[in-house]
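Note that these values count all heavy atoms, side chains included, but never hydrogens, waters or copies made by symmetry. Predicted model only: the values in this text are computed from it and were never measured. Below, chains carry the letters A, B, ... as their sequence lines are ordered, and counting in each starts from 1.
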Amino acid sequence: MTGTTQEVALKVVTWNVNSVRTRLDRLLAFLEREDADIVCLQELKASEDRFPSEAIEAAGYHFAINGQKTYNGVAVLSKSEPREISCGMDDSDWDDQARLLGVTVDGVRVYSAYFPNGGSIGSDKWEFKLGWIRRLKQYLADHHDPGDKLLVCGDSNVAIADSDVANPKRWADTVLFAEAARAALKDLMDWGLIDVFGKLNPDGGIYSWWDYRQLAFPKGDGLRIDHILATEPMAQLASEARVDRDERKGKQPSDHAPVIVTFDLS
DNA sequence: ATGGTTGCTTAGCAA
C-alpha cells in the first residue's frame, strides 16, 4: 500500500480455479498483481500432497486446504496466519466431498465453499445440491452468529437475480438458475448473509463464469455464480467489488474469473 | 443440437 493515510483494508478474493496445478502460473501472477489479503480457492482438483505449497508460501501466503484427488477441493490463502481451521461440516458422513473449509484470519471467520453443481434437475446430484445448501445454513446457525464478522466465499453454483444472468430465460430451467436453487440460496442468506457484490453493483450485468463450450465468453453468455456473502458487520465495511474479467481471457483460463471485494476495517 | 469444451486420468466422469 502506498500513500500516507492509515486506512486498514482487507482485500478478499474468491476464485474457482478449476485445477490449482493447471492454473498455478496464473494464480501466482494474480497474487503478485492483486496483493490480496485473503484468497479463497475452489475446485483445486488436488489432494494436499499435490498442492503447490512451496510456490504459494514463496508468494508470501499461508494456506489452509481441504483437498481431494480429482474432484472438488478448497483452500484459503492468507497473508496472516489462519487459525481455527475446520474442514467440512463435521456433522455426518456426507463429507467425503471436500467442499468447505473454514479459517479465522485477522479476526474474520472465512469459509471457502464449493457448492455442488447439481448435475441435472431432478437427479441425485440435484437433491444433494439442495440438501448441501440446507446443511450449510444449519452449520452456520450451529457454529456462528449473524452478528459475527463472517464471510462465505465461493462458487455457489447459483445465480441470485435475473440481472446476474446474461440470458435469464434460457438459464431458467438449469441447475444454476432454477427457482428451487435460487430459493435454497435465498434461504441460506436469510440466516444473515448479504451479497456484497450485488449491494455495491446493483445494476448487475457483471458475470463470474462462462461455460467453456459454445463460445460463451466471447458471446457474453455469463452468470454471476461466485459470491462473497457477508454478515451485516462485514457487509457494511465493503467498499469496492469487482470481477477480474481479464482472467477469463488468454491461454488456459479457468471457466471462472476471480471476484474481489475490499473491506475497510478501520 | 441429450450437442459443445476442459481437466483428471487414461475412457469416462464431472462440470
Side-chain angles (χ1 to χ4, degrees), chain A residues 14-30 40-53 55 65-75 88 94-101 112-133 136 153-160 164-167 169-178 180-182 184-185 207-227 243-259:
Chain A
T14 187
W15 189 11
N16 179 325
V17 289
N18 186 17
S19 172
V20 70
R21 285 169 290 162
T22 294
R23 228 63 66 197
L24 183 58
D25 288 349
R26 275 185 180 265
L27 175 60
L28 295 174
F30 177 85
C40 297
L41 302 176
Q42 300 87 37
E43 272 206 274
L44 303 176
K45 297 186 173 179
S47 50
E48 183 161 7
D49 59 303
R50 302 198 68 181
F51 184 78
S53 312
I65 174 172
N66 181 5
Q68 184 178 336
K69 184 183 176 183
T70 310
Y71 303 118
N72 310 312
V74 291
W94 289 30
D95 278 335
D96 52 326
Q97 298 186 24
R99 294 183 176 277
L100 189 70
L101 174 71
S112 181
Y114 177 45
F115 290 42
N117 172 280
S120 56
I121 290 176
S123 66
D124 289 348
K125 288 193 178 74
W126 171 246
E127 295 303 327
F128 179 75
K129 176 180 192 168
L130 300 178
W132 193 92
I133 298 171
L136 179 57
C153 307
D155 174 4
S156 65
N157 268 313
V158 181
I160 293 173
D164 298 323
V165 182
N167 192 335
K169 283 180 183 164
R170 196 156 47 69
W171 287 90
D173 295 325
T174 71
V175 292
L176 301 182
F177 201 48
R182 299 170 68 184
L185 182 58
Y207 313 121
S208 66
W209 173 84
W210 301 259
D211 200 298
Y212 281 129
R213 296 166 289 189
Q214 319 224 185
L215 299 172
F217 183 67
K219 287 179 182 171
D221 185 16
L223 291 82
R224 190 168 67 88
I225 57 175
D226 299 271
H227 298 296
V243 169
D244 186 357
R245 204 168 168 282
D246 289 343
E247 272 301 338
R248 185 62 176 78
K249 302 176 181 174
K251 189 181 165 193
Q252 277 196 301
S254 170
D255 45 353
H256 296 255
V259 176

- Item | Any A:Asp221 side-chain heavy atom under 4.5 Å of A:Asp211 side chain | no

Sorted by number, residues from residues 250-259 of chain A placing a heavy atom under 4.0 Å from DNA chain B are A:Gln252

Sorted by chain and number, sequence neighbours left out, salt bridge (Lys or Arg N to Asp or Glu O under 4.0 Å) with A:Lys251 holds for none

Residues passing the side-chain contact (heavy atoms from CB on, under 4.5 Å) test with A:Gln252, sequence neighbours excluded, are A:Thr22, A:Arg23

By side-chain contact (heavy atoms from CB on, under 4.5 Å), A:Pro116 pairs with (sequence neighbours left out) A:Arg99, A:Phe128, A:Lys129, A:Trp132

| With a non-hydrogen cut-off below 4.0 angstrom, is A:Tyr114 in contact with a base, only sugar-phosphate, or nothing? | sugar-phosphate

By nearest-heavy-atom nucleotide on DNA chain B, the more 5' of A:Thr22 and A:Gln214 is A:Gln214

Contacted region of DNA chain B by chain A, from 5' end to 3' end of the hits, cut-off under 4.0 Å to heavy atoms, spans B:dG4 to B:dA15

With sequence neighbours left out, the residues meeting side chain to side chain donor-acceptor pair (under 3.5 Å) with A:Tyr71 are none

A:Trp171 meets the ring-ring contact (aromatic ring centres under 6.0 Å, His included) criterion, sequence neighbours left out, with A:Trp209

If I pick the C1' atom on B:dT6 and the same atom on B:dA11, what distance separates them, to the nearest angstrom?
15 Å

query: Which value, in whole Å, describes the distance between the C1' atoms of nucleotides B:dT9 and B:dA15?
result: 16 Å

Contacts of A:Lys169 meeting side-chain contact (heavy atoms from CB on, under 4.5 Å) (sequence neighbours excluded), chain-then-number -> A:Asn167

#### Entry: Euclidean distance for P, B:dC13 against B:dG3 (whole angstrom)
14 Å

Comparing nearest nucleotides in DNA chain B, the 5'-proximal residue of the pair A:Glu43, A:Lys69 is A:Lys69

request  = Quick one: label A:Arg248 by what it contacts on the DNA or RNA (base, sugar-phosphate, nothing), any heavy atom closer than 4.0 Å.
outcome  = nothing

With sequence neighbours left out, the residues meeting ring-ring contact (aromatic ring centres under 6.0 Å, His included) with A:Tyr207 are none

